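I'd like to ask you about the structure that follows.
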Amino acid sequence: SQGYQRRVREISYYEIYMEKIRDLLDPNKKNLSIHEDKNKITYVKNVTERYVETADQILELMSEGKRNRAVAVTDMNEHSSRSHSVFQITVNQCNMTTQQK
């Protein structure tokens, strides 16, 4: 609506593989855990969050995370991933007149 601006603020990308959560933007972060905040919103504790401003930056992070995914050969596909990935985009909206989020 008029007077509001939306901005992508942060990106996180992780996979669930063999019942473990692994950060795809920092592969050294393994076995992360899911938590719930006081508003009943779930989140992955200690997952990497990268701030972005452009669509090109988002695509770059998608490529980076894709390279870090766990893959194994299956009968269906030579490069099949046996994991589920979550690419999370957090978008904030701000009233540019009042600066209220």
Side-chain angles (χ1 to χ4, degrees):
S1 60
Q2 192 174 21
Y4 280 86
Q5 181 178 29
R6 289 189 177 112
R7 290 187 181 191
V8 173
R9 298 296 300 159
E10 56 196 46
I11 300 289
S12 59
Y13 196 13
Y14 53 93
E15 74 176 342
I16 303 167
Y17 180 64
M18 297 184 68
E19 299 183 19
K20 298 195 184 312
I21 300 172
R22 190 168 67 98
D23 192 326
L24 293 175
L25 298 179
D26 182 354
N28 294 317
K29 292 183 179 179
K30 300 175 183 177
N31 212 9
L32 300 173
S33 57
I34 297 175
H35 294 268
E36 190 174 272
D37 70 12
K38 64 182 178 184
N39 296 318
K40 304 274 187 205
I41 296 173
T42 57
Y43 66 96
V44 175
K45 187 174 183 179
N46 296 321
V47 73
T48 300
E49 295 176 336
R50 300 259 184 97
Y51 291 91
V52 296
E53 294 185 12
T54 68
D56 285 340
Q57 290 173 321
I58 293 170
L59 292 173
E60 188 175 307
L61 289 176
M62 289 180 91
S63 294
E64 178 183 336
K66 184 178 177 184
R67 287 189 300 271
N68 293 323
R69 288 195 68 193
V71 294
V73 174
T74 67
D75 290 338
M76 297 291 288
N77 184 333
E78 183 178 329
H79 302 287
S80 177
S81 174
R82 293 179 172 231
S83 68
H84 299 280
S85 66
V86 177
F87 188 82
Q88 185 171 330
I89 302 173
T90 301
V91 179
N92 291 328
Q93 180 172 283
C94 180
N95 182 315
M96 298 309 291
T97 305
T98 65
Q99 297 299 309
Q100 183 178 1
K101 291 184 180 182

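Computed from a predicted model, the values in this text were never measured in an experiment. Start at 1 with the first residue, then count along the sequence.
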Distance-minimising heavy-atom pair for Arg22 and Glu15:
NH2-OE2, 2.5 Å

Would a single hydrophobic cluster contain both Ile11 and Val86, if residues Ile, Leu, Val, Met, Phe, Trp and Tyr are joined by side-chain heavy-atom contacts under 4.5 Å?
no

Honestly curious: do Val91 and Ile58 fall in one hydrophobic cluster under the side-chain, below-4.5 Å linking rule?
yes

Do Asp37 side-chain atoms and Asn39 backbone N/O form a donor-acceptor pair below 3.5 Å?
yes

Does a salt bridge link Glu64 with Arg50, judged by any charged N lying under 4.0 Å from a carboxylate O?
yes

Once you round to the nearest 0.5 Å, how far does OG of Ser12 lie from CG of Asp26?
12.5 Å

Val47 pairs by side chain to side chain contact (heavy atoms under 4.5 Å, CB included) with which of Leu32, Leu24, Leu25?
Leu32

Minimum heavy-atom distance Ile21-Tyr14, with the two atoms named
CG2-CD1, 3.7 Å

Glu60 atom CD, over 12 foreign heavy atoms within 6.0 Å
no

Minimum-distance pair of heavy atoms, taken over all atoms of Lys29 and Asn46:
NZ-O, 3.0 Å

Looking only at heavy atoms, which two atoms of Met62 and Tyr13 are closest? And how far apart?
O-CE2, 3.6 Å

Does Leu59 CG have over 12 foreign heavy atoms under 6.0 Å away?
yes

Supply the atom-to-atom distance Ile41 CD1 to Glu36 CD, rounded to the nearest 0.5 angstrom.
9.0 Å

